[in-house]
Amino acid sequence: MRVRARGLGKVYPGVDGAPPVRVLDDINLDADPGQVLAVVGQSGSGKSTLLNLLGLLEPVGAGEIRFDEARVSHLGRRAQCRVRGTQIGYVFQTFLLLASLTALDNVLLAARYVGRERREAERDALALMERLGVLHRRGHYPAQLSGGEQQRVAYCRAVLNRPPLLLADEPTGNLDDMHARVILDELRAQARERGATVILVTHRLDAAATADACLRLAAGRLASD
């Protein structure tokens, strides 16, 4: 999937009479199938907000986002939900695993959203969890998992349906070097072997160095390419 963003902007209203906060200003971005694009920047630079806009989790304040030729940023919320469920895999920085579900059932949530048959989806989920080293934790609940294990379960959920677009917000933030390398290799494999478009947000320069291209945000603006 080709991802194009042009003139993206986002402003949040001020609180208690404070002036509005401009988080993103005139961002242009291009990402192609089979490419890994890293977005780096200091905390507060707008990285996660940019990812949320690309993931159709927040409405854009200015500009537009296109997936291939479709202007998805201006679809209705219900249509955007359908696009999210079928075309986007999202690795959230805070995992967003459901506390009442086991690790395996959290992964299988992605399949339920698109109506996949459970037996086939479970086979794929177990294979993913084995590859990521969390298969032995499939029956455990999120509170029983370490931060790194939760991160890897969240990754399995994001890629279960083989989405054409993968968005990853600090996907190695809770991992040691060995498991961080596993996740980065997995993201590259999604791009190389499936032709997925991968956009990752990271503060780690070693993680950004594995990408095909890198954008740097500073105070909501594109600082360099």
TODO: Heavy atoms only: give me the nearest Leu128-Cys156 pair and the separation to one decimal.
DONE: CD1-O, 3.6 Å
- [ ] Flag the pair Leu126 / Glu122 as yes when at least one side-chain heavy-atom distance between them is below 4.5 Å, and no otherwise.
- [x] yes
TODO: First locate atom OG1 of Thr49, then atom CG of Leu24, and finally report the distance between them rounded to the nearest 0.5 Å.
DONE: 5.5 Å
TODO: With side chain to side chain contact (heavy atoms under 4.5 Å, CB included) as the test, would you mind laying out the steps for Ile199 and Val39 before giving the verdict?
DONE: CA-CA 7 Å; Ile199 302 174; Val39 180; 4.2 Å; yes
- [ ] Could you state whether Leu51 and Phe92 fall into the same hydrophobic cluster, counting links through intermediate Ile, Leu, Val, Met, Phe, Trp or Tyr residues with side-chain heavy atoms under 4.5 angstrom apart?
- [x] yes
Open item on the list: Do the side chains of Arg118 and Asp105 get close enough for a salt bridge, i.e. N-O under 4.0 angstrom?
Closed with: yes
Open item on the list: Quick check for you: to the nearest 0.5 Å, what is the distance between Arg162 atom CZ and Gln190 atom CD?
Closed with: 9.0 Å
TODO: Verify the cluster assignment for Leu37 and Val159: are they in a single hydrophobic cluster under the rule of side-chain heavy atoms below 4.5 Å apart?
DONE: no
Open item on the list: Can you tell me if Arg192 has over 12 outside heavy atoms packed within less than 6.0 Å of its CZ?
Closed with: yes
- [ ] State which residues pass ring-ring contact (aromatic ring centres under 6.0 Å, His included) with Phe67; sequence neighbours excluded, sorted by chain then number.
- [x] none
Task: Nearest heavy-atom neighbours spanning Leu145 and Gln150 - done: O-NE2, 3.4 Å
Open item on the list: Let's go through Arg221 and Asp25 carefully: what are the C-alpha distance in whole Å and the side-chain angles of both, what is the deciding distance for side chain to side chain contact (heavy atoms under 4.5 Å, CB included) to 0.1 Å, and is it a yes or a no?
Closed with: CA-CA 6 Å; Arg221 295 187 64 88; Asp25 186 16; 2.5 Å; yes
- [ ] Give the minimum heavy-atom separation between Ile65 and Leu53, together with the two atoms involved.
- [x] CD1-O, 3.2 Å
Task: Asp212 and Arg188, any side-chain heavy atoms less than 4.5 Å apart - done: yes
Open item on the list: Would you compute the distance between atom NE2 of His203 and atom OG of Ser45 and round it to the nearest 0.5 angstrom?
Closed with: 12.0 Å
Task: Trace of the side chain to side chain contact (heavy atoms under 4.5 Å, CB included) decision for Arg138 with Val107 - done: CA-CA 9 Å; Arg138 61 188 179 276; Val107 175; over 6 Å; no
Task: Main-chain N/O of Ser73 paired to Glu64 side chain as donor or acceptor, under 3.5 Å - done: no
Open item on the list: Can you tell me if Gln144 has over 12 outside heavy atoms packed within less than 6.0 Å of its CD?
Closed with: yes
TODO: Give a yes or no answer on whether the side chain of Thr172 reaches the backbone of Leu175 with a donor-acceptor pair at less than 3.5 Å.
DONE: no
- [ ] Keeping the roles fixed (side chain from Asp169, backbone from Val201), state whether a donor-acceptor pair exists under 3.5 Å.
- [x] no
TODO: Locate the shortest heavy-atom distance separating Leu56 from Arg84; write the atom from each residue and the value.
DONE: O-NH1, 2.5 Å
TODO: Go through the steps to decide whether His179 and Asp176 satisfy the test side chain to side chain contact (heavy atoms under 4.5 Å, CB included), and finish with yes or no.
DONE: CA-CA 6 Å; His179 288 113; Asp176 58 31; 3.1 Å; yes
Task: Closest non-hydrogen atom pair between Val83 and Leu75, with its separation - done: CG2-CD1, 4.0 Å
Open item on the list: Do Glu69 and Arg2 have side chains that approach each other closer than 4.5 Å (heavy atoms only, starting at C-beta)?
Closed with: yes
Open item on the list: If we ignore hydrogens and angles and just use 3.5 Å, is the side chain of Thr197 paired with the main-chain N or O of Met1 as donor and acceptor?
Closed with: yes
Task: Any Leu132 side-chain heavy atom under 4.5 Å of Ile183 side chain - done: yes
Open item on the list: Looking at Glu130, I want to see if its CD is surrounded by more than 12 non-hydrogen atoms of other residues, nucleotides or ligands under 6.0 Å.
Closed with: no
TODO: Would you check if the side chain of Gln151 reaches a backbone N or O of Val91 as a donor-acceptor pair within less than 3.5 Å?
DONE: no
Open item on the list: I need the minimum non-hydrogen distance between Leu167 and Leu54, along with the two atoms involved.
Closed with: CD1-C, 3.9 Å
Open item on the list: Grouping I, L, V, M, F, W and Y whenever their side-chain heavy atoms are under 4.5 Å apart, do Ile27 and Leu165 come out in a common cluster?
Closed with: yes
TODO: Using ring-ring contact (aromatic ring centres under 6.0 Å, His included) as the criterion, list what pairs up with Phe95, not counting sequence neighbours.
DONE: none
Task: Min side-chain heavy-atom separation Asp206-Leu184 under 4.5 Å - done: no
- [ ] Could you tell me whether the side chain of Lys10 and the main chain of Pro59 form a donor-acceptor pair under 3.5 Å?
- [x] yes
Open item on the list: Measuring only between side-chain heavy atoms, which start at C-beta, is Leu57 closer than 4.5 Å to Tyr90?
Closed with: yes
Open item on the list: Assigning hydrophobic clusters by single linkage (Ile, Leu, Val, Met, Phe, Trp, Tyr; side-chain heavy-atom cutoff under 4.5 Å), is Leu215 placed with Leu166?
Closed with: no
Task: Test item: Pro142 and Glu149 side chains (from C-beta on) under 4.5 Å apart, heavy atoms - done: no
Task: Under 3.5 Å donor-acceptor, Arg137 side chain and Ala103 backbone - done: no
Open item on the list: Whether the side chain of Lys47 engages the backbone of Leu200 through a donor-acceptor N/O pair (distance < 3.5 Å, no angle test) should be reported.
Closed with: no
- [ ] Determine the sole option in Arg119, Arg157, Arg116 for which the salt bridge (Lys or Arg N to Asp or Glu O under 4.0 Å) test with Asp124 is passed.
- [x] Arg116
Open item on the list: If you define the side chain from C-beta out and look only at heavy atoms, does anything of Val72 sit under 4.5 Å from Gln80?
Closed with: no
Task: Asp185 with Arg131: basic N within carboxylate O range, under 4.0 Å - done: no
Open item on the list: When you group the ILVMFWY residues by side-chain heavy-atom contacts below 4.5 Å and let the links chain together, are Leu104 and Tyr141 in the same group?
Closed with: no
Open item on the list: Between Asp30 and Arg66, does any NZ, NE, NH1 or NH2 come within less than 4.0 Å of an OD or OE carboxylate oxygen?
Closed with: no
TODO: Run the salt-bridge test on Arg4 and Asp32 with the 4.0 Å N-O cut-off and return the result as yes or no.
DONE: yes
